[in-house]
Each structure stands twice: as structure tokens, then as C-alpha cells.
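Keep in mind that this is a model prediction, so the values were computed, not measured. In what follows, every heavy atom counts, from backbone to side chain, and hydrogens, waters and symmetry copies are set aside.
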Amino acid sequence: MIINFLFILLLPLLFIGVINKTKAIWAGRKGASILQPLYTVIKLMGKSEVHSHSSSHIFCWAPSLSLAATFIAALFIPFGAQHAVLSFKGDFFLFMSLLALSKAVIVLAAMDVGSSFEGMGASREISFTAFLEPAFLLIIGSLAYAGGFGTLGQLFLHHRVYIFNEWSVIIAVLTALALFIMMLVEGARVPFDDPATHLELTMIHEVMVLDTSGVNLAMVHYASALKVQIYASMISYFFIPEGMHSLSIIAVYLLSSFGLAISAGLVESLMPRYRISRNLELVIIPLSISLLVLAALIVHNLGGI
Amino acid sequence: MISYALALQLVAILIVAIDRSHKHCASLRFMLLSSVSSACLLFAYGRLFFGGQAQHYVLSIPGLAAAADIVIDPLAAFFGMLFAFGYLVGIIYAHFYLKAHSEEGNASHLFFSGLMIISMHLVLMLRHSLLFMIAWELMSLSSFFAIMQDRQNKDSIANALYYFVMMHIGAAVLLLGFALQYASSGSLSLAQQTYYPVAKWLLLVGFAFKAGFFPFYSWLPKAHPVAPAHLSGMMSGLMIKTGIFGIVLVMLGSAWQPIEIYILLAISLLTAFNGVIHAMAESNIKRSLAYSSIENIGIIGVGLSLWLLGKSLGNTAMSGLGLMGASLHIMNHSLFKPLLFYLSGNVLVATHSLETDKLGGLMKRMPGTALLFMLGTASISALPLFNGFISELAIFLGIISGFQSSSLGGTLSMIAAGGALAFVSALALIAFSKIFSIVFSGEPRSSAAANAKELPFGMLLSPILLAAFCFLFGTLGELGLWIIKPLAIALQVDAGVYLGFAMVLHRISTVLLMLLAAFIALYIIKLRLVKVTKSITWGCGYHQGSAKQQYTGTAYINPLAYFLKPFMQKRISRSCVEGYFPQSISHAEEVQDYVDKGIISKLLGLLTRFYRLFDGIHNGKTNSYISYLLIALLCLLFWVLGVQK
């Protein structure tokens with residue numbers, strides 16, 4: 001439990017740090033320290049805020065609610081522990097809705113300042129949910145189909161991957177792939193979005209928070225990093241067999257998170273950002289993959305192939 | 001007691017009909033009498049409902065083939081409770097709305113609204129097909145007259161007439177269904193009736209007209225925008241539920257094959273999908289809300305289909321969760337939809353406009369309305385902490401528990417339903433975040449919006465009440481479940497499933513309270529720490545931004561509109577640049593409902609052409625009418641002679 005909280009607090013920003021370090025090393029630079037995102041957040045905590053004249057109270061409280069919702073959602077996923085902090089049967093829908101809530105309030109805050117740039121970001125960001133929500137539901141559905149319906153933590157933890165059972169491997173690989181793409185979309189990473197670009201017209205997540213500053217910005221950064229880490233945790237749990245010792249779980253978990261961060265960094269280094277107008281077409285990929293998984297499972301269950 | 005309360009309502013409408021005193025006085029008196037009557041009804045229904053027994057009366061009217069049954073079972077009592085509560089809140093709002101938005105014809109409007117609610121209660125109780133049809137007709141007619149409050153407005157009359165025609169096509173189908181049922185069973189009673197296959201489908205279609213299922217929903221987006229806000233709220237939150245009530249009656253009283261249930265499920269999903277994409281594309285607030293009612297009816301339909309499918313496949317979890325989800329959603333929709341309609345009425349009163357792209361910046365000018373609208377938005381988008389979430393949770397749990405179904409059809413349909421419903425609920429979030437942020441956030445886009453003022457407290461009273469219930473049922477989900485418990489028992493929901501769901505809701509309320517605590521703590525700490533300075537919105541170096549540069553509703557949904565192009569047919573009218581010194585250019589686009597334009601209006605055109613055939617008969621000449629009479633008499637004479645021979 002303590003480990004869980006500790007990882008929720010510390011890992012997300014480190015994860016982003018590792019991604020940035022990977023990118024820097026690949027580009028032949030030395031790069032900032034992997035603790036840099038943490039320093040940035042600490043620096044922002046000490047700053048005062050500038051609010052727009054157009055903004056209302058939503059702008060003040062939205063980042064706090066977004067962070068609170070993401071944090072509570074993170075409690076449903078085990079972070080390097082045997083169990084999630086919170087879990088009950090059927091918690092997946094609450095988890096999905098908490099993430100949607102966290103996104104919705106940020107979108108409302110972005111629209112609140114009446115800037116066309118932020119409207120653009122808000123519109124793009126919220127359009128992604130239309131395809132990510134069904135994809136996530138179908139992923140949960142396929143895991144439930146394979147191993148029975150339980151809590152969110154169990155669905156990932158108890159999915160046994162046997163190397164000699166090709167079906168378990170297929171589910172794990174495809175689901176992990178879908179989740180990895182969802183991680184890139186939700187975390188506003190290349191190829192869907194580029195956090196390092198300095199042109200408002202091509203940004204998505206960053207352009208939404210142009211007017212956000214100080215503690216609010218720190219909260220937004222941390223919530224967005226936490227969301228990436230949530231997806232990374234879900235993927236990591238495919239590598240953890242059931243009944244593993246808790247210390248080795250921590251080791252495997254940390255290693256796989258590290259690996260995921262590096263691969264996200266490599267994806268960023270090797271791929272250009274997609275054209276904005278094609279983005280939404282590519283966000284459908286996780287949905288198609290999850291449909292594929294389900295189709296494979298049904299065929300398997302019916303005794304085909 | 002229910003009859004006394006209905007009689008009191010009747011007295012109220014009679015008083016309003018003969019009252020010649022000042023119209024505010026009359027409206028106040030009507031409101032008081034109606035709310036007392038509704039409170040009594042609420043109490044009476046509640047006692048019956050939570051007592052768990054059904055009341056059964058037999059009414060014998062001379063001339064009827066058999067005695068008529070009047071039954072108040074838990075199902076009727078559940079809907080009756082919703083109607084009584086919704087009307088109680090609605091009539092309070094109506095009083096203040098009519099005061100602020102005063103027009104001619106208030107007395108007749110109130111008269112017909114009262115008649116509408118009486119007939120709605122009668123529809124729930126009368127289980128005799130003839131009497132049921134009379135009450136059903138009374139409901140359609142009185143709501144038709146109530147919609148036409150503004151009789152100077154041609155648009156209003158045309159749309160009300162459209163509603164009238166659609167309701168009567170629906171009623172004709174219903175009548176046909178009841179007639180077939182009578183022909184095959186020989187009984188007019190609807191209590192303990194088993195419906196025959198053809199009659200069953202005809203009745204479903206007839207009720208679908210009222211409820212607003214695909215493809216019969218085209219009256220909703222036409223009738224709601226022209227009706228006064230309180231009436232739209234009551235019609236959308238309450239009256240269309242009589243259609244759902246009828247559908248549940250038919251579902252209970254007939255046998256179902258899995259294939260039929262899959263058809264119902266597919267229709268419900270189509271309804272939800274069509275409703276939500278148009279709710280997203282519409283620029284008129286009330287039309288958008290009307291489309292969102294269609295979406296919610298679709299979600300209720302999905303819940304009901306899950307219930308039937310679970311029963312037929314022997315999956316108790318699926319059927320129980322489907323039924324609980326549907327009934328919770330019926331209740332929740334009757335709370336948040338009137339809330340949003342009443343607040344759109346507030347916007348109309350304050351700015352005289354419902355076009356989202358002409359509004360903006362109302363958050364600072366009408367803080368109360370804006371805050372309540374935000375709560376309504378959160379409820380209808382199924383965000384946690386609000387009641388829409390609880391009912392969608394039940395339906396999604398039902399879907400997931402159907403994934404491991406024994407039949408392939410069950411599994412595939414649940415996959416389709418799960419994916420489609422998740423897509424629909426995400427689109428609902430987009431649709432309502434669009435309406436809220438375009439109307440209330442940013443800077444005003446017109447001078448009417450800039451000069452808007454917060455309305456008197458009376459117009460916020462009913463919305464506050466509704467929003468409080470939305471929040472209460474959202475955070476304490478068990479409370480809502482406790483209310484539908486007698487219904488769940490009466491319709492044989494498995495006790496284990498009920499308890500399991502209650503447990504889930506209990507945990508969820510704990511987590512949601514944690515969320516609230518975390519949010520408040522974070523926010524308060526932040527407020528202590530941070531010093532805020534005000535400045536202009538960041539404009540990429542440009543400091544003279546105007547309200548016209550803000551994102552519009554069309555732009556907001558553009559990424560998805562690009563994707564859903566086949567479903568959003570646009571009518572674009574533009575004047576191009578002409579000549580060397582162009583004086584003006586313009587561009588206007590309007591999203592058209594392809595179901596309405598493609599199927600419904602063509603069918604209506606055919607119907608009109610059919611009736612045109614009889615145009616020649618109706619020529620206005622007395623002598624030809626007399627000859628028709630003569631011909632008819634002669635025919636009768638021959639017929640009688642023929643029979644006697």
C-alpha cells in the first residue's frame with residue numbers, strides 16, 4: 001500500500017524524465033536530468049498565477065478536480081504491489097469515468113478563457129475520447145471474456161501469460177499494444193501530439209493549458225504524467241505472473257515501466273508527428289485492435305482454427 | 001387518495017378556465033392547487049409503491065363489453081411518482097417562467113398543461129384498451145394545445161401541427177394493435193394480457209412514436225424548441241416516458257424470441273447514436289436537448305433489451321442489471337432533462353436567443369444559471385458524482401456480464417452494444433461540453449448576451465431542487481437504488497444481483513466522497529498558497545482579440561463531424577464573391593437529420609398525396625354534400641334489403 005502511494009507520487013514525473021532523456025541521447029545530446037520534470041513542477045508550485053479577464057471560477061478549480069480525479073483513478077490500478085488500493089467488482093466503469101471527468105474539466109477550463117487556440121486544443125483532445133472510451137471498454141470486455149469478470153486490478157494481474165498457450169500471448173501482446181497506443185494518445189506524446197513543439201496550431205494538450213500557470217499548471221502537468229503512468233502500469237502487469245514475491249513484483253514493475261518509457265522515447269525519436277487532420281483516424285487503432293482480440297477469443301472459444 | 005388528488009387537479013384547471021382575474025393571480029392560484037395535488041399524488045403513489053402491493057379496481061361502465069380494470073401496480077406507481085414529482089417541480093418553474101416571459105393565452109396554456117398531467121396519470125392506471133386509448137388521445141391533444149402557447153408565431157403552430165400529426169399516426173398504429181389483440185383474444189382488458197406477435201409489434205411501434213425511438217423520433221426536435229421551456233421539460237422528462245411505460249407493459253405481457261430482442265437492441269442503439277450525433281451538431285440549445293432526449297430513450301431501450309435478453313438466455317445478472325439500469329435511467333432522465341430545459345428557458349428569458357453561436361460569456365452574467373447548467377451537463381454526460389453515471393454504470397455492468405454468454409449471438413450483440421454505448425456516452429460528453437462552453441464560457445458573442453442579467457430567484461428554485469437531487473442520487477447511488485427496489489422486486493430481479501449492485505454502489509459512494517474530499521483539500525490548499533493576478537487572454541502576441549475570434553460550436557465538433565460526415569448531412573448556403581469590389585459574402589450551414597429528410601418526410605409526402613386523392617370530394621358545395629348523403633342512404637337501403645333477403 002505504501003509502495004503503491006509512493007510510486008503514484010514519484011514515478012509519473014520520472015517516467016516523463018526518462019522519455020525526454022531517451023530522446024536527447026538518441027539525438028546525440030546530453031539532455032536534462034531525468035528529474036527535470038520534477039524540478040519543473042516544484043518550481044511551478046512556488047509561482048503565482050495569472051488568470052485571464054475572461055475566465056470564471058471554473059478556471060480556478062478545474063486543475064484541482066482534474067488532479068483529484070486522476071489520482072483516485074490511479075488508486076484502482078496496482079502500482080508495483082500485489083493489489084490495488086481500491087478495488088471492487090465492476091470498478092472499471094468508475095475508472096473510465098474518472099479519467100473522462102479529469103479530461104472534461106480541463107476542456108471546460110480551456111474553453112473558459114475564450115481563446116481560439118485553447119478552443120482548438122480542447123476540441124481535438126475531447127474528440128479522442130470518442131474512440132478511446134469504446135476501445136478501453138472492449139479491452140476490459142476481452143479480458144473479462146478470457147478470464148472472468150472481476151476487479152480492474154485482477155483483470156490485469158490475473159491474466160496469466162503462458163508462453164506455450166498462444167492465446168494468452170496473443171491477448172497480452174495485442175492488448176498491450178492497444179494500451180501503449182492509448183498511452184501515447186492520452187499522454188499527448190508523439191506521434192499524436194508533440195509536447196515540445198512551439199507552434200500553437202499543431203499542439204493538442206499543451207495548447208489547452210496556454211493560459212494556465214503556477215500551481216494550476218503544476219497540477220495539470222502532474223495529472224497528465226500520472227495518466228501516462230496509469231497506462232504503463234496496466235501494461236506492466238502483463239509481465240508479472242501470479243503468485244510472484246512482492247519484492248520481485250516491484251523489480252519487474254520498475255524494469256518494465258523503465259522499458260516502456262524508453263520505448264515511448266524511441267517512438268518519439270523515430271517517428272514524425274502525424275498530420276493533425278489524420279490524427280483521429282489513427283486514434284481508432286486501439287479500437288480496431290481490441291475488436292481483433294475479441295474476435296480471436298470468440299473464434300478460439302467456439303473451437304475454430 | 002389518488003382520485004381525490006386528480007380531482008383537485010381537475011378543479012385547478014377548471015378554475016383557471018373560468019377565472020377572469022389578473023393572469024398572475026390566476027397562475028399563482030393554479031400553481032398552488034396543482035402543487036398540493038401533486039404532493040398528494042406523490043404521497044399516495046409512494047405509499048402504494050413502497051407498500052409493495054398493487055391496487056386493483058373494477059370500473060363497470062354501461063355499454064362497455066366488459067368491466068374495465070384500473071390497476072395501480074408497482075410499475076404504474078413508479079411512473080406515477082416520477083410524474084407527480086416532475087410536475088410539482090415543473091409547475092413552480094412554469095409560474096415564474098410565465099411571469100417573466102409573459103404572453104397571451106396563459107390561461108388556456110395552463111388549462112391544457114393540467115389536462116395533460118391528468119391524462120398522463122390516467123394512462124398509467126387504465127388497463128382497458130378503449131379507455132386507455134381515450135386517455136392517450138387526451139394526452140396527445142392537450143399537449144398539442146399546450147405547445148401552442150405562442151399562437152402568433154407561425155413556426156410554433158406549424159411544428160405543433162407536425163407533433164399532432166405524428167402523434168395521431170402513432171395512435172392509429174396503437175389502435176390497430178389493440179383491435180388485432182381484441183380480435184384474437186376477445187378481451188379489451190390489458191391486465192394479465194398475453195399479446196399476439198403482430199399485435200405486439202404494432203403496439204411497440206405505436207408506443208415508439210411517443211417515446212421517440214428510431215425512426216419515429218422526428219417530432220421531438222420540432223416540437224420541443226417551440227414549446228415554452230417548462231412544457232418542453234415536462235414533455236421530455238415525463239410525457240415521453242408514457243411511451244416507455246407502454247413498451248414495458250408489452251414486454252411484460254408477451255413471449256420473446258432472442259432474434260426479436262436483438263432487433264430491439266439494434267433499434268435502441270441506433271436511436272441513441274442518431275440522437276447523440278444530432279445533439280452534438282445542433283446549434284439551437286433546445287433542439288439539441290430534444291435530440292439528447294432521443295439518445296437517453298435509446299439508452300433506456302438498451303437497458304430494457306438487456307433485461308429481456310438476460311431473461312431469455314437465463315443470465316440473471318444481465319437481466320437484473322439491465323432492468324435496474326433502465327429504471328434508474330428513467331428516473332435520472334426525469335431529473336436532469338427538465339433541469340436543462342428549465343435553464344435553457346432562463347437563457348431564453350435573459351437573452352431572447354437560443355442559438356449557441358449568438359451567446360457566450362453568461363457564466364459571469366448569470367452565475368446561478370451557469371452553475372446549475374454545469375451540474376446538469378455533468379449529470380447527462382454520465383460523469384461521476386452525478387446521477388447519470390449511476391444508471392449508465394448499471395447498464396455497462398449488465399453488458400459486461402453478458403460478454404461470457406452461452407450463445408454466440410449474445411456475445412456479439414453485447415460487444416456491439418458495449419462499444420456503441422461507450423461511443424455514444426463519449427459523444428454525449430462532447431455535445432454537452434460544447435453547449436456549456438459555447439453558451440456560458442468565454443466572451444459574449446452578441447449584445448443581447450452581453451447585457452444579460454441573472455433572473456429572479458424564483459426561476460432558479462426548481463432547477464436548484466432538481467440539481468440537488470441529481471447530485472444526491474449521484475453521490476449516494478444506493479438511495480436511487482432503494483427507490484427502485486419495489487419495482488425490482490415486482491419485476492423479479494434476482495436478489496443476489498440486487499445486493500451485488502447495491503454493494504458496488506456503496507463502494508462507489510465511498511470512493512466518490514474520497515474524490516470530493518481530495519478535490520476540496522487540494523483546492524483549499526491551492527487558494528491558501530497562490531496569489532492571483534488578472535491579465536488578458538494569451539493571444540500569441542495579439543492583444544486586441546475580439547469575441548468573434550472565439551471557437552464556435554461548429555468548430556468545436558469539427559474533428560468528429562469530419563468523421564461522422566455520412567450521418568451529418570449539411571445544407572450549406574453561401575453567396576460567393578462577385579465582381580471586382582465585392583460588397584458582402586455570407587456562409588450559413590445547417591445540419592439536417594437524414595432520418596427525417598430521407599425517410600420520414602418522404603413517407604409523409606406519400607401520405608399527403610394519398611389524402612389529396614380525396615380532395616375532390618371535399619368541394620364546399622352544399623348540393624354535392626346532399627347528394628353524398630343520398631348515395632350513402634341508398635347504399636344502406638340496398639345493404640339492409642340484401643341482408644334481409
Side-chain angles (χ1 to χ4, degrees), chain A residues 48-54 56 58 61 64-65 67-69 71-72 86 88-90 93-94 97-98 100-101 104 107-108 111-117 119-120 122-124 126-127 129-130 133-134 137-138 140-141 144-145 148-149 200 210-211 214-216 219 277 280 287 291 294 298 302, chain B residues 361 363-364 381-384 389 393 396-397 400-401 403-404 408 411 415 418-419 422-423 425-427 429-430 433 436-437 441-443 500 503-504 507-508 511 514-515 518-519 522-523 526 529-540 547 549-551 555-560 562-563:
Chain A
S48 73
E49 286 178 10
V50 183
H51 289 190
S52 157
H53 289 302
S54 311
S56 65
I58 298 182
W61 54 255
S64 320
L65 183 54
L67 177 57
F71 187 79
I72 302 283
L86 297 171
F88 51 87
K89 199 172 168 177
F93 190 64
L94 182 59
S97 306
L98 283 170
L101 174 68
V107 163
L108 288 188
M111 294 300 286
D112 198 30
V113 295
S115 143
S116 45
F117 292 128
M120 204 182 295
S123 143
R124 288 170 184 168
I126 201 147
S127 303
T129 32
E133 279 205 12
L137 187 89
L138 290 179
I140 295 301
Y145 185 84
F149 177 44
E200 294 81 359
L210 274 179
D211 268 274
V215 179
N216 271 350
M219 287 182 183
S277 57
L280 211 53
L287 185 60
L291 277 175
L294 268 171
I298 290 168
L302 291 177
Chain B
M363 190 83 182
K364 284 202 283 266
S381 323
L383 290 179
F389 168 74
L393 167 76
F396 274 110
L397 285 181
I400 289 277
S401 57
F403 262 67
Q404 265 188 328
L408 178 63
T411 310
I415 291 169
F423 188 57
S425 79
L427 289 187
L429 174 63
I430 297 174
S433 66
F436 177 77
S437 49
S441 299
E443 293 292 330
M503 185 65 97
V504 169
R507 301 251 166 88
I508 281 182
V511 174
M514 276 168 65
L515 171 68
F519 162 55
L522 269 176
Y523 186 51
K526 198 206 89 169
L529 281 179
V530 174
K531 208 176 86 217
V532 173
T533 46
K534 286 270 181 184
S535 177
I536 50 165
T537 302
W538 194 82
C540 203
Q549 288 177 349
Q550 292 176 96
Y551 236 47
Y556 186 76
I557 57 154
N558 192 47
L560 275 168
Y562 168 72
F563 240 82

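Per-residue counts of heavy-atom pairs under 4.5 Å with chain B were compared for A:V215, A:L137, A:L291; the largest is that of A:L137. Contacts with chain A were tallied for B:S401, B:G500, B:P384, B:A518; B:P384 has the most, counting heavy-atom pairs under 4.5 Å. Per-residue heavy-atom pair counts under 4.5 Å with chain B were compared for A:I140, A:D211, A:L67, A:T129, and the maximum is reached by A:D211. The choice from A:L98, A:L65, A:V113 that makes the most heavy-atom pairs within less than 4.5 Å of chain B is A:L65. Between chain B and the residues A:L86, A:L108, A:L287, the largest count of heavy-atom pairs under 4.5 Å involves A:L108. For the set B:L560, B:L383, B:T537, B:L427, the count of heavy-atom pairs under 4.5 angstrom toward chain A peaks at B:T537. For the set A:L101, A:V107, A:L138, the entry with the most heavy-atom pairs within less than 4.5 Å of chain B is A:L101.
Residues meeting the side chain to side chain contact (heavy atoms under 4.5 Å, CB included) test with B:A555, sequence neighbours left out: B:Y551, B:T552. By the ring-ring contact (aromatic ring centres under 6.0 Å, His included) test, A:F93 is found to be paired with B:F389, B:F396, residues two or more places apart in sequence or in another chain being considered.
The main-chain N or O of B:S425 is never found under 3.5 Å from a side-chain atom of A:E133 such that the two would form a donor-acceptor pair. Not one N or O on the side chain of A:S123 forms a donor-acceptor pair closer than 3.5 Å with the backbone of A:G119.
Within the 4.5 angstrom heavy-atom criterion, only side-chain atoms of B:I400, from C-beta onward, approach chain A. Of the two parts of B:V504, the backbone and the side chain both hold a non-hydrogen atom closer than 4.5 Å to a non-hydrogen atom of chain A. Interface remark: B:K531 contributes backbone and side-chain atoms alike to the contact with chain A (heavy atom separation under 4.5 Å). Looking at B:M363, only its side chain comes within 4.5 Å of chain A, counting heavy atoms on both sides. In this structure, the portion of B:F436 lying under 4.5 Å from any heavy atom of chain A is its side chain and not its backbone. Interface residue B:T411: only side-chain heavy atoms are found under 4.5 Å from chain A. Using a 4.5 Å cut-off between heavy atoms, A:L94 contacts chain B through both its backbone and its side chain.
Closest heavy-atom contact between B:E443 and A:S54: OE2-OG, 2.6 Å. Of all heavy-atom pairs spanning B:S441 and A:M111, the tightest one is CB-O, 3.5 Å. Looking at every heavy atom in both residues, A:N216 comes nearest to A:H51 through ND2-NE2, 4.1 Å.
A:S116 and B:Q549 share no side-chain donor-acceptor pair at under 3.5 Å.
A:L280 places a side-chain heavy atom less than 4.5 Å from the side chain of B:F563.
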